[in-house]
Protein chains: 2
Amino acid sequence: MAEDPRKRIELLWGASGRPSRGPKPKLTLEEIVATGIRVADEEGLDALSMQRVAKELGFTTMSLYRYVPSKDRLVEVMLDRAADGPPVFTGEVVDWRGEIEAWVRGLWAMYRLHPWALEARVSAPPIGPGQLAWFEAALRPLTHAGLTGGELISTVMFLLGAVRELAGISFGLEQSRARAGISAAESEAGYDAVLREFADPGRFPSLAKLVGEGAFAPSGLDDEAVDLDLDFGVQRVLDGVEAYVAARRG
Amino acid sequence: MAEDPRKRIELLWGASGRPSRGPKPKLTLEEIVATGIRVADEEGLDALSMQRVAKELGFTTMSLYRYVPSKDRLVEVMLDRAADGPPVFTGEVVDWRGEIEAWVRGLWAMYRLHPWALEARVSAPPIGPGQLAWFEAALRPLTHAGLTGGELISTVMFLLGAVRELAGISFGLEQSRARAGISAAESEAGYDAVLREFADPGRFPSLAKLVGEGAFAPSGLDDEAVDLDLDFGVQRVLDGVEAYVAARRG
DNA sequence: TAGAACTGTGTATCACTTACACAAAATAGT
DNA sequence: ACTATTTTGTGTAAGTGATACACAGTTCTA
């Protein structure tokens, strides 16, 4: 019953040796994946079904199973392919903080392009070519910053996680806003109002204080609110990394 | 078609006034939610179905819909209830870093108790009582550290995201390990081996170097590997916060 | 050139969410 | 007390979706 991890890797890396007998395949994994991504981009993960993908391609549902062992595996490959193309820097690292900031913005942009990637479950470390490319892209500047070994892995995973989660909330809100047909300001005002109603000062004193100060009130730059949240956190991590490396050297 | 956000909140807060006519309900929302949590705890989110919950309770599937508008809403409430009970500190904050560390460990423990919470989609900011309790618990020490307003929100969300994502990977691995019947060391060794095979030094130079140094090799403390990853990141954030506050004051 | 291996298809099964209508139960207003 | 109204739990059924399996046609290998 357990899945062969080898097959997973092979699927992600396209490393399956093609058989010599039998009819030539009329489809390719990448075609299927690209179609899946297109459907998910346009209508979300819920609209993604094997039947839907097959119909788009003009084949029967079951034909897809000659290329993909299950829908879950398909989504896994989609996630990897969607993650292709992190910002690329070459040569010597001259501004590691700038590179990480660009990396974070790039990740954010990737999620904006493929918001369904935030709906999919992620329960394994990066392993496909697309995921590894992002990992690599963050390692470069962080290595230059002075981190080594496990510190690097830790920091990259930490940043990946934070960006993903914040993007999930941001785009999730955006989507429900779109469905409800309200503006970002209205949405934030709604959240603010709910907090004002339920953030009981007895039970949630710090929160109530924060709400009272208007910290959740709609700002002028609505669309960027969560984005700004992200920036602050990233800056703190980078500050922390800098201090850590300095302390070790000093 | 759009969902009434009001109803969502009411469901989360149990704020629906009970009607006076009609038969007395034989079930309660909390009973249903608790059953759902039990099923999900034991067998994962995939095993959670309305039919399953109903059967456990000895009622028909459709009876649940008198208490919950849809399965998605049920899961939303489950997520909130599962999140109840962050570590509680009272009185003056004497060690804000220690409180945050305890908070992170508590969050980690919560996810260990309810790993299905990592499989569910989160696309909205914290709003139920359980989620807000965690928010509050982090605000307390961070406020004492010297952060204010949006900085607080940002930092808490950032930490929430990072912990969630790292827990997702850690427990996801743990689960596939359990299914495959292999040890943590074997699993890590497998990951290491895959990276050695696919981390081409031309394409992923920093990663290849890291792999070559054995950064992904199984450590003695297998079970804690990701946990340690998390600690490092958290420490950097806290360092960064400290530096930020100091700089502003200075 | 025969046999083996592989492809795409058609059919079918099973599980799941949820709409709808009904009968029994409980209350409100007379 | 009585009746109309509201609400509950149930039964039935529709609709969607993943995927197992067997078959017929296709392309190699020996």
Side-chain angles (χ1 to χ4, degrees), chain A residues 1-4 7-8 10-11 16-33 35-36 39-40 43-78 116 119-121, chain B residues 1-4 7-8 10-11 16-33 35-36 39-40 43-78 116 119-121:
Chain A
M1 294 303 124
E3 285 201 40
D4 185 353
K7 298 281 178 190
R8 275 169 76 147
E10 279 177 18
L11 197 68
S16 67
R18 61 203 72 58
S20 49
R21 312 230 183 147
K24 285 173 206 154
K26 297 198 177 79
L27 283 168
T28 62
L29 172 61
E30 297 307 326
E31 242 179 310
I32 294 171
V33 169
T35 304
V39 170
E43 302 173 49
L45 250 206
D46 286 334
L48 184 80
S49 68
M50 298 304 272
Q51 0 219 353
R52 179 65 194 281
V53 172
K55 175 178 275 183
E56 296 276 324
L57 287 163
F59 285 76
T60 58
T61 306
M62 288 311 292
S63 66
L64 305 185
Y65 285 92
R66 295 286 176 201
Y67 301 85
V68 160
S70 73
K71 185 187 179 185
D72 282 353
R73 297 292 117 251
L74 171 58
V75 172
E76 191 167 84
V77 181
M78 284 170 56
W116 52 269
E119 301 177 59
R121 284 179 204 179
Chain B
M1 294 301 127
E3 286 200 40
D4 185 354
K7 296 282 178 190
R8 276 169 77 147
E10 278 177 18
L11 197 66
S16 67
R18 63 201 74 56
S20 50
R21 314 246 182 134
K24 286 174 204 153
K26 298 198 179 78
L27 282 169
T28 62
L29 172 62
E30 297 306 327
E31 241 179 310
I32 293 170
V33 169
T35 305
V39 170
E43 301 173 48
L45 250 206
D46 286 334
L48 183 81
S49 68
M50 299 304 272
Q51 0 215 358
R52 180 62 194 283
V53 172
K55 174 177 279 183
E56 296 277 323
L57 287 164
F59 284 77
T60 59
T61 306
M62 288 312 292
S63 65
L64 305 185
Y65 285 91
R66 294 286 177 202
Y67 300 85
V68 160
S70 73
K71 185 187 177 182
D72 282 353
R73 296 294 116 249
L74 170 58
V75 172
E76 192 167 84
V77 181
M78 284 170 55
W116 53 268
E119 302 176 60
R121 285 179 203 179

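In the text below, chain A, chain B and the rest are named by the order of the sequence lines, each starting its count at 1.
The shortest distance between side-chain heavy atoms of A/L57 and A/S63 does not fall below 4.5 Å. Residues A/V75 and A/L48 form a side-chain contact, since some pair of their non-hydrogen atoms from C-beta on lies under 4.5 Å apart. Counting only heavy atoms from C-beta outward, the side chains of B/K7 and B/R73 never approach each other to under 4.5 Å. Under the 4.5 Å side-chain criterion, counting only non-hydrogen atoms from C-beta, B/V33 is not in contact with B/V68. In this structure the side chain of A/L11 never reaches within 4.5 angstrom of the side chain of A/E76, judged on heavy atoms.
Of all the heavy atoms in B/Y65 and B/M50, the pair that sits closest is OH-CG, 3.5 Å. Shown here for A/E119 and A/G44, the closest heavy-atom pair between the two residues is OE2-CA, 4.3 Å.
If you measure from atom CG of A/D72 to atom C1' of D/dT19, you get 12 Å, rounded to the nearest angstrom. Following rounding to the nearest Å, B/K26 (NZ) and D/dT7 (P) show an atom-to-atom distance of 16 Å.
DNA chain D lies under 4.0 Å from at least one heavy atom of each of the following residues of residues 48-65 of chain B: B/F59, B/T60, B/M62, B/S63.
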Give each protein N/O atom lying under 3.5 Å from an N/O atom of nucleotides 26-29 of chain D, with the pair distance.
from: D/dT27; atom 1: O4'; to: A/G22; atom 2: O; distance (Å): 3.2
from: D/dT27; atom 1: O2; to: A/G22; atom 2: N; distance (Å): 3.2
from: D/dT29; atom 1: O4'; to: A/R21; atom 2: NE; distance (Å): 3.3
from: D/dT29; atom 1: O4'; to: A/R21; atom 2: NH2; distance (Å): 3.4

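Here the OG1-NZ distance, from A/T60 to A/K55, works out to 13.0 Å after rounding to the nearest 0.5 Å. The CD atom of B/E56 lies 12.5 Å from the CD atom of B/E31; values are rounded to the nearest 0.5 Å.
If you walk DNA chain C from 5' to 3' and mark each nucleotide with an atom closer than 4.0 Å to a heavy atom of chain B, the marks span C/dC16 to C/dA28.
Looking only at distances, a side-chain donor or acceptor of B/Y67 sits under 3.5 Å from a matching main-chain atom of B/L27.
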